[in-house]
There are 2 protein chains.
Amino acid sequence: MLDERSKSVLLAVIQCHINSPEPVGSRAVTKKYPFGLSPATIRNIMSDLEEMGFLAQPHTSAGRVPTDLGYRYYVDTLKDNNPLINNELVSELNNKLEVIRQDINTVLDEASRMLSSLSHYIGISVSPNEATSTLSKIELIKYRENQLAVIMFTDEGIIKNKVIAIDPELSQSNLNRIAEYINAQHAGHTVEEIKEKVINDLSQDRLRCDDLISQAVRICRDVFSSSPGNVYVSGLSEVLQLPDFCDIDKIKELLRAIEDKHIILRLLDQVSDAAGTQIFIGSENPLEEMKKLSMVVSTYREGSRPIGAIAIIGPTRMNYQQAITIVASTANYITDMLSNK
Amino acid sequence: MLDERSKSVLLAVIQCHINSPEPVGSRAVTKKYPFGLSPATIRNIMSDLEEMGFLAQPHTSAGRVPTDLGYRYYVDTLKDNNPLINNELVSELNNKLEVIRQDINTVLDEASRMLSSLSHYIGISVSPNEATSTLSKIELIKYRENQLAVIMFTDEGIIKNKVIAIDPELSQSNLNRIAEYINAQHAGHTVEEIKEKVINDLSQDRLRCDDLISQAVRICRDVFSSSPGNVYVSGLSEVLQLPDFCDIDKIKELLRAIEDKHIILRLLDQVSDAAGTQIFIGSENPLEEMKKLSMVVSTYREGSRPIGAIAIIGPTRMNYQQAITIVASTANYITDMLSNK
DNA sequence: TATTAGCACTCGATGATGGAGAGTGCTAAA
DNA sequence: TTTAGCACTCTCCATCATCGAGTGCTAATA
């Protein structure tokens with residue numbers, strides 16, 4: 001569909017445009033990529049590419065800019081031709097993340113910072129969906145007169161603590177018995193399942209008999225109540241240095257897109273069913289606020305099940321090659337870390 | 001030093017300017033505040049106020065804008081005349097924060113969001129300095145083959161978990177003994193003190209004898225290693241709606257000021273020795289990046305000792321009255337919450 | 001037939017020009 | 001002491017001309 005020469009020109013235009021935000025003209029192409037063709041010929045080719053929808057002109061007397069379709073073509077050739085994992089980068093990543101063998105949320109926080117500092121775009125990570133996480137263990141610790149600290153561990157590496165009010169009479173030893181009971185009953189099940197079970201239990205009368213068990217169920221209700229996942233965002237200041245965000249409205253649009261953690265959570269939840277690295281270019285984004293941005297997103301997995309996602313968000317004029325490498329490597333690293341339990 | 005009439009005019013100008021960012025002219029003052037004086041007279045007074053340094057002119061044919069000194073005067077009169085705690089607001093705050101009886105970091109996170117949503121400026125909170133916090137209790141939980149989750153509780157309400165690598169041979173019952181030992185040895189001391197003690201212990205040979213104790217000391221070394229406090233910032237998008245941040249450079253400056261959590265941490269650490277609510281207007285700020293912003297900051301306390309700070313940051317043209325109320329009330333609320341252990 | 005040189009044309013960016021309007025300071029009258 | 005009146009200043013905005021980068025088209029060329 002695209003002859004070799006047109007393809008080279010398209011890629012050249014895209015390369016130029018990734019390097020600098022101005023529209024690229026025919027002369028610029030001949031200078032940087034000596035095809036042995038004159039500007040006039042390049043112009044003809046570019047005109048064809050425009051007709052096919054790969055390039056666009058901001059106005060008649062300007063150079064050309066790749067369209068989302070153009071970038072899509074470019075990204076697809078990238079995928080075909082290049083090993084997407086850059087070993088140098090991977091080892092750098094490993095070095096940086098190695099030190100953080102903490103619970104998954106700490107790792108994700110650090111990962112978002114790393115994504116942005118390596119790419120100079122915005123780095124985002126979201127924690128595993130709590131509802132579908134598998135309870136591995138729970139600990140109940142009385143730490144104030146009428147307050148209980150619940151520490152929840154999941155197979156996905158979540159360590160979460162939550163404070164809930166309790167009857168001051170309840171002793172630590174009874175709490176231990178309750179914890180034992182909960183662990184025996186619920187470990188190995190997802191939070192969702194446990195929640196359902198508890199709602200069921202609460203509606204049954206037999207609870208009234210055993211006070212400890214009824215306390216246990218009540219504690220479960222409070223602990224396993226749904227709470228949204230965490231979203232870690234970094235690199236806002238990095239990205240504002242880019243010439244792409246030179247005007248105030250673009251900045252506001254960007255902020256609208258990333259300020260609301262709920263939106264991001266839902267967005268990345270949506271894509272995290274598919275495995276591997278996905279790329280959304282401009283208008284391909286499902287989110288209205290992001291139709292002028294691009295997102296490279298990858299899931300990290302526990303075993304083979306995707307449990308969360310990390311992403312880089314930048315201008316459509318982003319360095320996809322690099323972004324893909326960074327996101328894919330980081331996701332793999334997190335996955336590996338989770339499997340080395 | 002300032003006669004009653006000049007004072008009224010100054011306050012009128014400030015009020016006008018807080019309501020809208022444009023320089024205020026003499027006619028605008030007479031319209032909104034009918035002193036029974038003509039614009040010409042107001043002009044004379046404003047000219048005097050300018051000479052005294054309370055007002056400034058962006059250019060000769062513009063209206064006047066309060067200087068930092070002008071705002072300082074205004075804020076000082078506020079303090080003298082008004083009850084700074086607005087009961088309505090306090091009860092609203094209570095309602096919103098009541099639900100979050102979690103560890104202090106969760107509360108602070110929520111508090112920063114509340115500060116910004118109530119004030120429409122930037123809300124910031126910093127967690128207590130860990131080093132000077134008093135260990136209340138520690139729990140050691142083996143949760144993976146060679147990993148240990150340490151849950152640390154402090155008197156200041158910090159609940160912190162940290163994962164550290166351990167010898168896979170170490171059993172939970174031995175961990176319990178180690179935890180008991182650590183609690184017996186160190187509870188009631190500050191993290192700083194414990195750290196010192198541990199360094200001391202590590203240099204002594206007697207450790208070699210008792211393997212459990214030496215494990216305990218090593219765990220302490222890892223757990224009580226200094227880690228920076230948390231900083232919670234919200235309201236960036238709120239504040240970008242303000243006409244004050246209409247140009248790109250101001251936004252970048254603002255971001256520079258708040259992006260680096262370390263800077264904020266140090267800044268609020270500095271001010272958190274003084275009790276009560278402090279106000280830094282424009283150039284009064286110790287931080288270079290904030291010389292064009294204002295900050296209203298207050299400390300929350302454990303007992304009578306200030307342990308952390310919360311703040312509102314906005315343009316110098318901020319609604320100080322409201323900001324002071326919000327910050328002071330929130331700080332009080334957090335303090336109260338900490339004392340109801 | 002494909003390529004290229006040449007050229008007219010288009011359109012944004014830049015800078016100068018010239019009111020319009022808001023606000024001032026000054027002067028003189030009340 | 002206050003105020004009306006007025007000249008003055010300076011920003012803002014629209015208009016206009018110029019410049020230059022880049023294009024599309026045509027005709028010449030390999």
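Chain identifiers are assigned alphabetically (A, B, ...) following the order of the sequence lines, protein sequences preceding nucleic acid strands; residue numbering begins at 1 within each chain.
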- Query: CZ of A/Arg43 versus C1' of C/dA2: gap in Å, rounded?
  - Reply: 16 Å
- Of A/Asn44 and A/Ala28, the one whose closest nucleotide on DNA chain D sits nearer the 5' end is A/Ala28
- For B/Thr299 and B/Ser272, does a side-chain donor sit closer than 3.5 Å to a side-chain acceptor? no
- Query: Is the closest basic N to carboxylate O distance between B/Asp244 and B/Arg317 below 4.0 Å?
  - Reply: yes
Restricting to nitrogen or oxygen on both sides, can you table the protein-nucleotides 15-19 of chain C pairs closer than 3.5 Å?
none

- Query: In whole Å, what is the span from the CD atom of A/Glu50 to the C1' atom of D/dG22?
  - Reply: 13 Å
- Item | Interatomic distance, B/Glu22 CD vs C/dG21 C1' [rounded to whole Å] | 14 Å
- Task: Could you label the plane-to-plane angle of the B/Tyr33 and B/Phe35 rings as parallel, tilted or perpendicular, counting under 30° as parallel and over 60° as perpendicular?
- Result: parallel
- Using whole Å, report how far CD1 of B/Ile42 lies from P of D/dT1. 16 Å
- Message: Could you tell me if the side chain of B/Val296 sits less than 4.5 Å from the side chain of B/Tyr121, heavy atoms only?
- Response: no
- Query: Quick one: B/Phe35 CZ to D/dT2 C1', roughly how many Å, whole number?
  - Reply: 16 Å
- Query: Among the nucleotides D/dT3, C/dT24, D/dT23, which one has an atom lying closest to any side-chain atom of A/Arg64?
  - Reply: D/dT23
- In whole angstroms, the gap separating C1' of C/dA2 from CG of A/Asp48 amounts to 13 Å
- Message: Less than 4.0 angstrom between a side-chain N/O of B/Arg27 and OP1 or OP2 of D/dT3, yes or no?
- Response: no
- Answer with yes or no whether the side chains of A/Asp3 and A/Ser6 bring together a donor and an acceptor at under 3.5 Å. yes
- Item | Residues B/Arg72 and B/Asp76 bridged, charged N to O under 4.0 Å | yes
- Query: Can you tell me if the side-chain N/O atoms of B/Ser26 get under 4.0 Å from OP1 or OP2 in C/dT24?
  - Reply: yes
Between the protein and nucleotides 7-15 of chain D, are there any N/O to N/O pairs under 3.5 Å, and if so, what are the atom names and distances?
from   : atom 1 : to      : atom 2 : distance (Å)
D/dT9  : O3'    : B/Thr60 : OG1    : 3.2
D/dT9  : O2     : B/Ser61 : OG     : 3.2
D/dC10 : O4'    : B/Ser61 : OG     : 3.1
D/dC10 : O2     : B/Ser61 : OG     : 3.1

- Interatomic distance, B/His120 atom NE2 to B/Gln241 atom CD [nearest 0.5 angstrom]: 11.0 Å
- Task: Quick one: sort the B/Tyr320 and B/Tyr74 rings into parallel, tilted or perpendicular, breaks at 30° and 60°.
- Result: perpendicular
- Determine whether the side chains of A/Ser294 and A/Thr316 contain a donor N or O and an acceptor N or O closer than 3.5 Å. no
- Query: Rounding to a whole Å, what distance do you find between B/Ile45:CD1 and C/dT24:C1'?
  - Reply: 15 Å
- Task: Could you check how far CG of A/Asp3 sits from P of C/dA2, rounded to whole Å?
- Result: 12 Å
- Query: Hey, does the side chain of B/Thr41 come within less than 4.0 Å of D/dT3's phosphate (OP1/OP2), counting only N and O?
  - Reply: yes
